[in-house]
Asker: 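Questions regarding the structure given below will be posed in turn.
Note that the structure is a prediction, hence the values are computed from the model and not measured.
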Amino acid sequence: MLDFNTIINNIHNNLKDNVVKGVVASYIPELSKQDVNQFGIYMQHMDGRSFMVGDAEVPFSIQSISKVLSLSKAIAFENNDIWKRVDVEPSGNPFNHLSLLELENGIPRNPLINAGAIVVADILCSKFENPKADFLQFVRDIANDQTIDYNYKVAESERKTGYNNYAAANLLKSFNNLNNNVEDVMDFYFHQCALEMTCSQLAKAFYLFANKGKCINNKQHISSSQAKRINAIMLTCGFYDESGEFAFEVGLPGKSGVGGGIVALLPNHFIISTWCPGLNVKGNSLIGMQALEQFTTQTNLSIF
Ligand SMILES: NC(=O)CC[C@H](N)C(=O)O
């Protein structure tokens with residue numbers, strides 16, 4: 001039997017003193033305050049065991065990882081109607097790229113780049129009665145943890161400097177692919193990205209994607225086929241223009257955020273999350289990607 005505890009401890013030990021750790025995101029000023037030396041790993045096995053090392057219980061800004069959670073709620077509301085407004089193709093471009101959106105008539109390439117997530121945010125603004133409070137409750141429920149919250153300073157920091165995201169929203173609006181006011185949708189989007197969670201909370205929140213749509217306390221939130229599709233989108237689009245590299249190196253569906261977090265999973269087996277705030281040039285956690293590569297290589301556990 002694999003000794004996951006030793007494996008993740010060794011990986012943490014191997015990588016924690018790397019001199020090259022990447023660069024923390026600075027385009028959202030609040031995120032630039034993060035300490036590049038923080039590093040945690042958490043693994044939730046579906047047989048009930050869990051393993052952790054380092055800063056696995058320190059809350060951080062989950063940023064784009066939230067796009068998978070908002071997508072799953074939008075799919076639960078809309079089912080296949082959502083695909084009229086956003087596509088499922090990898091973009092091969094950075095997460096905040098805009099020119100494809102104009103070329104492709106306001107239909108974002110996928111729901112995990114910013115423009116696609118803004119369409120998803122628009123759907124949730126239409127469907128929820130109190131979007132920010134209801135979305136937070138959804139995340140607390142799937143993670144089975146009522147202490148999860150937004151970091152309002154991070155949301156405000158991103159709003160103040162969010163010119164690129166406002167441009168995406170305005171472009172979507174000009175193509176009639178945004179039903180609510182730009183300001184309302186962006187307020188929701190900035191808060192969703194500013195959710196603060198630990199590696200341990202994230203692994204639990206993503207349990208439903210490994211468990212055919214049933215969350216960690218056994219409630220069905222999305223169907224098994226919807227979970228399968230969300231995993232497919234994570235595999236092909238979860239790391240923007242580095243999605244091919246992540247599939248090649250790690251071989252799991254997953255999602256990154258510019259706060260330095262990554263969550264990945266092997267359906268029916270486990271969910272693993274890492275946090276190390278230094279990013280590579282594509283905006284993905286440099287050490288997190290290496291840790292996950294070592295994990296799937298050493299355990300020989302991947303979807304391939
Ligand atoms: N890749 C990310 O994590 C980007 C999310 C960030 N909130 C943004 O919209 O720019």
Asker: Would you compute the distance between atom CZ of Phe95 and atom CG of Leu112 and round it to the nearest 0.5 angstrom?
Answerer: 13.0 Å
Asker: Where do Val185 and Ala121 come nearest, in terms of heavy atoms and distance?
Answerer: CG1-CB, 3.9 Å
Asker: Which heavy atom of Ala74 sits nearest to which heavy atom of Ile123, and what is that distance?
Answerer: CB-CG2, 4.1 Å
Asker: Write down the atom of Cys215, the atom of Tyr207, and the distance for their closest heavy-atom approach.
Answerer: C-CD2, 3.8 Å
Asker: Side chains of Asp187 and Phe190: closer than 4.5 Å at any heavy-atom pair?
Answerer: no
Asker: If the condition is side chain to side chain donor-acceptor pair (under 3.5 Å), which residues does Asn280 pass it with, not counting sequence neighbours?
Answerer: Glu242
Asker: Just by distance, with hydrogens left out, do Asn5 and Arg49 show a side-chain donor and acceptor under 3.5 Å apart?
Answerer: no
Asker: Does atom CD of Glu102 have more than 12 heavy-atom neighbours, drawn from other residues, nucleotides or ligands, at distances under 6.0 Å?
Answerer: no
Asker: Could you check whether any side-chain heavy atom of Asp149 comes within less than 4.5 Å of a side-chain heavy atom of Leu136, counting everything from C-beta outward?
Answerer: yes
Asker: Taking Lys255 for its side chain and Met234 for its backbone only, find out whether a donor-acceptor pair lies under 3.5 Å.
Answerer: no
Asker: Ignoring hydrogens and geometry, is there a side-chain-to-backbone donor-acceptor pair from Asp55 to Val58 under 3.5 Å?
Answerer: no
Asker: Hydrophobic clusters here meaning ILVMFWY residues chained together by side-chain heavy-atom distances under 4.5 Å, can you tell me if Ile75 and Leu69 are in one?
Answerer: yes
Asker: Can you find a pair of side-chain heavy atoms, one from Val263 and one from Phe209, that are under 4.5 Å apart?
Answerer: no
Asker: Ala291 and Thr274: which non-hydrogen atoms are nearest, and at how many Å?
Answerer: CB-CG2, 4.3 Å
Asker: Donor-acceptor pair, His269 side chain versus Pro267 backbone, under 3.5 Å?
Answerer: yes
Asker: At what distance, to the nearest 0.5 angstrom, does CD of Gln38 lie from CD1 of Ile287?
Answerer: 13.5 Å
Asker: Is the backbone of Lys21 close enough, under 3.5 Å, to the side chain of Asn18 for a donor and an acceptor to pair up by distance?
Answerer: no
Asker: Heavy atoms, side chains only, cut-off 4.5 Å: are Phe135 and Leu124 in contact?
Answerer: yes
Asker: Under a 4.5 Å side-chain heavy-atom rule over Ile, Leu, Val, Met, Phe, Trp and Tyr, are Val258 and Leu195 clustered together?
Answerer: no
Asker: Between the side chains of Asn114 and Tyr189, does any donor sit under 3.5 Å from an acceptor?
Answerer: yes
Asker: Would you check if there is a donor-acceptor pair between the side chains of Glu183 and Tyr166 at a distance under 3.5 Å?
Answerer: yes
Asker: Using the rule given for side-chain contact (heavy atoms from CB on, under 4.5 Å), can you reason through Gln137 versus Phe128, listing the C-alpha separation, both sets of side-chain angles and the distance that settles it, and then say yes or no?
Answerer: CA-CA 11 Å; Gln137 195 53 54; Phe128 277 133; over 6 Å; no
Asker: Can you list everything that forms a side-chain contact (heavy atoms from CB on, under 4.5 Å) with Asn177? Sequence neighbours excluded, please.
Answerer: Arg85, Ile107, Pro108, Val119, Leu172
Asker: Hey, are the side chains of Phe60 and Leu202 touching, using non-hydrogen atoms and a 4.5 Å cut-off?
Answerer: yes
Asker: Do Tyr240 and Ser64 have a side chain donor and acceptor closer than 3.5 Å?
Answerer: yes
Asker: Counting distance only, does the side-chain N/O of Glu249 pair as donor-acceptor with the main-chain N or O of Leu292 below 3.5 Å?
Answerer: no
Asker: Can any side-chain N or O of Thr198 pair as donor or acceptor with the backbone N or O of Glu57 at less than 3.5 Å?
Answerer: no
Asker: List the atom of Ala264, the atom of Phe246, and the distance in Å for their closest heavy-atom pair.
Answerer: CB-CZ, 4.3 Å
Asker: Aromatic rings His191 and Tyr150: how do their planes relate, parallel, tilted or perpendicular, breaks at 30° and 60°?
Answerer: perpendicular
Asker: Calculate, to the nearest 0.5 Å, the distance between atoms CG and OG belonging to Leu71 and Ser66 respectively.
Answerer: 11.0 Å
Asker: Are Ile113 and Phe175 co-members of a hydrophobic cluster defined by side-chain heavy atoms under 4.5 Å apart?
Answerer: no
Asker: When you compare the side chain of Asn164 with that of Tyr27, does any pair of heavy atoms fall below 4.5 Å?
Answerer: no
Asker: Side-chain contact test, heavy atoms from C-beta onward, threshold under 4.5 Å: evaluate it for Ile118 versus Met186 and give yes or no.
Answerer: yes
Asker: Verify the neighbour count for atom NZ of Lys228: are there more than 12 heavy atoms of other residues, nucleotides or ligands below 6.0 Å?
Answerer: no
Asker: Are Ile41 and Phe295 connected, step by step, through hydrophobic side chains (Ile, Leu, Val, Met, Phe, Trp, Tyr) whose heavy atoms are closer than 4.5 Å?
Answerer: yes
Asker: Could you check if a side-chain atom of Gln294 sits within less than 4.5 angstrom of a side-chain atom of Leu15, using non-hydrogen atoms only?
Answerer: yes
Asker: Would Val88 and Arg229 satisfy side-chain contact (heavy atoms from CB on, under 4.5 Å), going step by step from the backbone distance to the final call?
Answerer: CA-CA 10 Å; Val88 292; Arg229 289 181 155 187; over 6 Å; no
Asker: Backbone N or O of Pro90 within a donor-acceptor pair of the Arg109 side chain at under 3.5 Å?
Answerer: yes
Asker: With under 30° as parallel and over 60° as perpendicular, where do the rings of Phe4 and Phe51 fit, or are they tilted in between?
Answerer: tilted
Asker: Would you call Lys153-Glu156 a salt bridge at under 4.0 Å N-O?
Answerer: no
Asker: Please check if any side-chain donor atom of Ser126 sits under 3.5 Å from a side-chain acceptor atom of Asn180, or the reverse.
Answerer: yes
Asker: Tell me whether Gln192 contacts the main-chain N or O of Ala194 through its side chain, where contact means a donor paired with an acceptor under 3.5 Å.
Answerer: no
Asker: Show your reasoning for whether side-chain contact (heavy atoms from CB on, under 4.5 Å) applies to Ser243 and Thr236.
Answerer: CA-CA 6 Å; Ser243 299; Thr236 52; 5.9 Å; no
Asker: May I ask you to check whether Gln201 and Asp145 show a side-chain donor-acceptor distance below 3.5 Å?
Answerer: yes
Asker: Take Val24 and Leu31 through the side-chain contact (heavy atoms from CB on, under 4.5 Å) test and state the conclusion after the steps.
Answerer: CA-CA 7 Å; Val24 294; Leu31 295 185; over 6 Å; no
Asker: Quick one: closest heavy-atom pair of Ala203 and Ile271, and the distance?
Answerer: O-CG2, 3.5 Å
Asker: Knowing that exactly one of Asp134, Ile142, Asp141 qualifies, which makes a side-chain contact (heavy atoms from CB on, under 4.5 Å) with Phe138?
Answerer: Ile142
Asker: Return yes when atom OH of Tyr163 has more than 12 non-hydrogen atoms of other residues, nucleotides or ligands closer than 6.0 Å, and no otherwise.
Answerer: no
Asker: Hey, does the side chain of Gln63 reach the backbone of Cys193 with a donor-acceptor pair shorter than 3.5 angstrom?
Answerer: yes
Asker: Taking the side chain from Ser285 and the backbone from Cys276, do they hold a donor-acceptor pair closer than 3.5 Å?
Answerer: yes
